[in-house]
Amino acid sequence: MTATEPAIPAFPFATTGCPMDPPALLGELREDSPLTRVTLWDGSRPWLVTRHADIRASLRDPRLSSDVRLPGFPFLSAAQAEAIGESLITFIRMDPPEHTRQRRMLTQEFVVKRMETMRAEIEATVDSLLDEMTAKGAPADLMEDFALPLPSIVICRMLGVPYRDHAYFQQRSQMVQDTTAAPEEVNAALAELAAYLVRLAGEKAAEPGDDMISRLVTEQETPGHLSRHEVAGMALNLLIAGHETTANQIGLSVLALRQNPEQWDKLCANPDLVPAAVEELLRHQSIVPTGLQRVAREDMEIGGTTVKAGEGVLLQIASANRDPRAFDDPDHLDIERTAHRHMAFGFGVHQCLGQPLARVELQCALAGLLRRMPGLRITKTLEELDFRHGGNIYGLFSLPVRW
Ligand code: HEM
């Protein structure tokens, strides 16, 4: 590097300052250098994109690929890169037309109408978890006693996975998400999860039930549209996406509201604001700290900068959600703002398939806590709390509360 060349920062960035805000460097780059190169663990130098408009345009652009098999795909750790060869590549890591074909097999499972029919059941699950918490008495760990079990119970029911096995797959799925884990550990966790789900799909083939894995086996595997391995891969993807994400979003949302007590009080006084609050919390608190990974299939321009074929691109949705060009006073949490242009669920063809489910879960979780525990308080300071740094999903290991 010559003296005039700007330094290329290492990515992922360390969390600096408030753990509830994206790293300060992201905000600086968004203003001064919205497309900039960063250095990854393997020395590769993908582009980091930080502005809302550039990210939105990129996620709509078919020249940016999600295919992990293409050279130049920006893996965030050795474990991620090595695990890919062995792992079950699902449609989240594919491009159309195969992506479209596989995603369509699941769209009916997550349509808004279907999720709304599950609302009463999700509310009942919220109530029974809060009953258990109340019966045990304060203090409690909101993550362990509420935020993790809620989405986990729901996705298990939908998939037809026995919830009694949750410790087994939760531990392994956390390992899969951990960018600091050794490749052998991630591969072992993936292999065990895959074997578990292949076995379960076999049981469903013999005796189908009213669940997603059974439908994938009978409607897709039996006619030859998917292999057993692909069914297991889809189930694995949903099992991981289905609980880690929403669980951490619940934890961060509750924490953000308690950090802004006037917003919590406003919600207690007017629970009709819950759906808008959920959107604002999705905007303000990102559980995807490393952003979305893509690789350019051909030379293209992003925000006026040329990105060459084979170069990696990291789209920072946490930064997009705090871009002052898209949101007024973006660092301020305001549950009454209209935050619907947030990109917490991504955008374009890969936009989160489970978002109707996540929304219902987040709304029911928040409404239940406000109704049953209006005096909820967190018993540790921000500095004392145990945040999940270094993974693909940000959040909290635990959240001690009293009410
Ligand atoms: C707060 C909760 C959630 C957040 C913030 C979230 C976020 C995201 C994001 C940002 C993407 C886009 C990835 C990309 O473009 O590369 C995505 C995709 C996806 N999500 Fe979610 N998600 C959440 C909950 C869920 C749930 C509950 C499920 C299912 C049970 C789910 C299933 C999926 C699937 C299958 C994809 C891949 C879609 C595709 O590639 O076509 N997510 N999610």
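Whatever order the structure lists ligands and atoms in, that order sets their numbers, starting from 1.
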Keeping [X] on the side-chain end and [Y] on the backbone end, is there a donor-acceptor pair under 3.5 Å?
X	Y	result
Arg371	Cys268	no
Asn260	Glu262	no
Glu144	Asp141	no
Asp386	Phe397	no
Gln220	Met105	no

Identity and distance of the protein heavy atom lying nearest [atom]:
atom	answer
atom 24 (C) of ligand 1	Thr245 OG1, 3.3 Å
atom 22 (N) of ligand 1	Cys352 SG, 3.1 Å
atom 40 (O) of ligand 1	His350 ND1, 2.6 Å
atom 13 (C) of ligand 1	Leu292 CD2, 3.8 Å
atom 10 (C) of ligand 1	Ala344 O, 3.3 Å
atom 28 (C) of ligand 1	Gly354 CA, 3.5 Å
atom 6 (C) of ligand 1	Phe345 CD2, 3.7 Å
atom 26 (C) of ligand 1	Ala241 O, 3.5 Å

Using a strict 4.0 Å cut-off to heavy atoms of [X], name the atoms of ligand 1 that fall inside it.
X	result
Ile155	30 (C)
Gln249	1 (C)
Arg294	14 (C), 15 (O), 16 (O)
Thr246	2 (C), 27 (C)

Nearest-option assignment for atom 35 (C) of ligand 1, heavy atoms, candidates Thr107, Leu252, Asp95, Leu353: Leu353
Compute the minimum heavy-atom distance from [X] to ligand 1 and say whether it is under 4.0 Å.
X	answer
Phe110	yes
Ser66	no
Val349	yes
Arg93	no

Side-chain contact, heavy-atom cut-off 4.5 Å: Met175 with Glu192? no
Kindly confirm or rule out a cation-pi arrangement of Arg388 over Tyr394, judged by NZ or CZ under 6.0 Å from the six-membered ring centre and within 45° of its axis? no
Quick one: does NZ or CZ of Arg377 land under 6.0 Å from the six-membered ring centre of Trp403, within 45 degrees of the ring axis? no
Atom pair CD (Gln363) and CD (Glu361), whose distance is rounded to the nearest 0.5 Å: 10.5 Å
Looking at the rings of Phe327 and His52, which for Trp means the six-membered one, are their centres under 6.0 Å apart? yes
Are Phe91 and His350 an aromatic pair by the rule of ring centers under 6.0 Å? no
Going by the angle between their ring planes, with limits at 30° and 60°, are Phe13 and Phe11 parallel, tilted or perpendicular? perpendicular
Could you tell me whether some N/O pair between His99 and ligand 1 is separated by less than 3.5 angstrom? yes
Ligand 1 to Arg103 polar contact by distance, N or O atoms, under 3.5 Å: yes
At a non-hydrogen distance cut-off of under 4.0 Å, which region of Leu106 contacts ligand 1 (side chain, backbone, both, or neither)? neither
